[in-house]
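Both ligands and their constituent atoms are indexed starting at 1 by order of listing. Predicted, not measured: the structure shown is a model, and the values here were computed from it.
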Amino acid sequence: MKGQGRIVKLIGGFYYVENKDTIYQTRARGNFRKKGLKPIVGDDVIFESTSLEDGYILELLPRRNALVRPPVANIDLVITVTSLKGPDFQANLLDRLLIAQHFAGIKTLIYITKGDLISTTEFAKYQQFLNYYQKIGYPLIMAPEAFKPEKLTALQAQLGTQTAVVTGQSGAGKSTLLNHLEPQLALATNEISKSLNRGKHTTRQVELMKVGAGWIADTPGFSSLSITQIPLTALKDHFIDFAALSDQCRFRGCQHVNEPNCAVKAAVAEGTILQARYDNYLQFRTEIAAQDKHQYKKK
Ligand SMILES: Nc1nc2c(ncn2[C@@H]2O[C@H](COP(=O)(O)OP(=O)(O)OP(=O)(O)O)[C@@H](O)[C@H]2O)c(=O)[nH]1
Ligand SMILES: [Zn+2]
């Protein structure tokens, strides 16, 4: 048969392509390889196959968008899983994820886990962050409330026929959420390693799975994320709270660093923009500038 399908998994040089609920094992043969294009999970392709195990990808169809990490294409929503305890909450990592997702042009839903493992006092420490992200426009859901039947139904309805990706640190609770959404998946989940205080990387590959009428990709966890693919002067546009104020800065294209009459810096001083978020902005700028310098030297 010859037809259109979607790459759902990639293992050992084989691309697994779904077409009408059947999965075909294929290899890449199309001329896209000459163009240096590498198919990733989520890609729509034209493929040909003689049996379930023997097929070829002939053509890679244009991508709407793609994330670098995890590598997935054609995504409508990223569910960004952020644990409060084990792994502990890191505003820096959350900001990296949010900025990378905005740069890729993909909507974000923040999903907070393990609030049940900390005291009320400790929770209050994080509350200002959670409130802040909601205030600036990120929808946010939280475990274990998110597992209530009516909440799961609402999330499924929100997903509809779309494609979502679940991303976040190792052991944050990605597979756990998917198992609640679709118990038939029965994905392996694991306790985080006590000695390393991080996940054991239960999920080892990106895999796109049917959940209700839509698709969700579970992805391996990670502990750091580079944002150096973003051009230095564009970074500010992906901090949605800064972007909302930039009209009020004195200079067009204000980088919110050294310029006078900067509305962003004023908001930080006033406390309407979180200091930690602004500090992360400056840190990301330093990382991007260091990378640019390094690349310039190599040329
Ligand atoms: N107490 C508590 N435990 C949770 C919560 N969410 C997940 N867990 C537990 O945390 C552990 C790790 O969860 P997983 O769903 O495997 O995490 P993951 O993000 O898929 O991990 P990797 O696949 O390694 O990246 C499991 O033992 C879960 O039962 C939560 O909200 N509260
Ligand atoms: Zn400014």
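Near A143, the atoms of ligand 1 lying under 4.0 angstrom from a non-hydrogen atom of the residue are 31 (O). Residue-ligand proximity, S170 to ligand 1, at heavy-atom distances under 4.0 Å covers atoms 25 (O). Close approach of ligand 1 to L117 is summarised as follows: ligand atoms under 4.0 Å from at least one heavy atom of the residue are 1 (N). Close approach to T113 involves these atoms of ligand 1, each under 4.0 Å from a residue heavy atom: 31 (O).
Considering only residues two or more places apart in sequence or on other chains, S49 meets the side-chain contact (heavy atoms from CB on, under 4.5 Å) condition with M1, Y24, F47.
Expressed to the nearest 0.5 Å, how far OG1 of T167 lies from CG of L225 amounts to 7.5 Å. In this structure, M209 CE and E182 CD are separated by 9.5 Å, a value rounded to the nearest 0.5 Å. The CD1 atom of I112 sits 6.0 Å away from the CE atom of M142 when rounded to the nearest 0.5 Å.
One side chain, Q283 or E287, offers a donor N or O that lies under 3.5 Å from an acceptor on the other. D95 and Y133 are linked by a side-chain donor-acceptor pair at a separation below 3.5 angstrom, with hydrogens and angles left out of the test.
Taking each of L177, D218, T176 in turn, the one with a heavy atom nearest to atom 13 (O) of ligand 1 proves to be T176. Of the candidates G171, G221, A172, it is G171 that places a heavy atom closest to atom 21 (O) of ligand 1. Nearest residue to atom 4 (C) of ligand 1 from K114, K174, Q169 is K114 (criterion: closest heavy atom).
The shortest side-chain heavy-atom distance between I106 and L77 does not fall under the 4.5 Å cut-off.
At a heavy-atom distance under 4.0 Å, only side-chain atoms of D116, from C-beta outward, approach ligand 1.
Protein atoms of type N, O or S found under 2.8 Å from the Zn ion (ligand 2) total 4.
At least one cation-pi condition fails for K236 and F242: the charged atom is not both under 6.0 angstrom from the six-membered ring centre and inside a 45 degree cone around its axis.
V81 does not count as a contact of ligand 1, since none of its heavy atoms falls under 4.0 Å from the ligand. G168 does not count as a contact of ligand 1, since none of its heavy atoms falls under 4.0 Å from the ligand.
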>> One pair to check against salt bridge (Lys or Arg N to Asp or Glu O under 4.0 Å): D76 and R64. What are the steps and the verdict?
In response: CA-CA 9 Å; D76 300 296; R64 259 190 302 135; 3.0 Å; yes
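Judged as a salt bridge (Lys or Arg N to Asp or Glu O under 4.0 Å), the pairs with a partner in residues 14-25 (not counting sequence neighbours) are, in order, E18-K210, D21-K210. Residue pairs meeting the ring pair (Phe, Tyr, Trp, His ring centres under 6.0 Å) criterion with at least one partner in residues 99-122, sequence neighbours excluded, are H102-H238, F103-H238.
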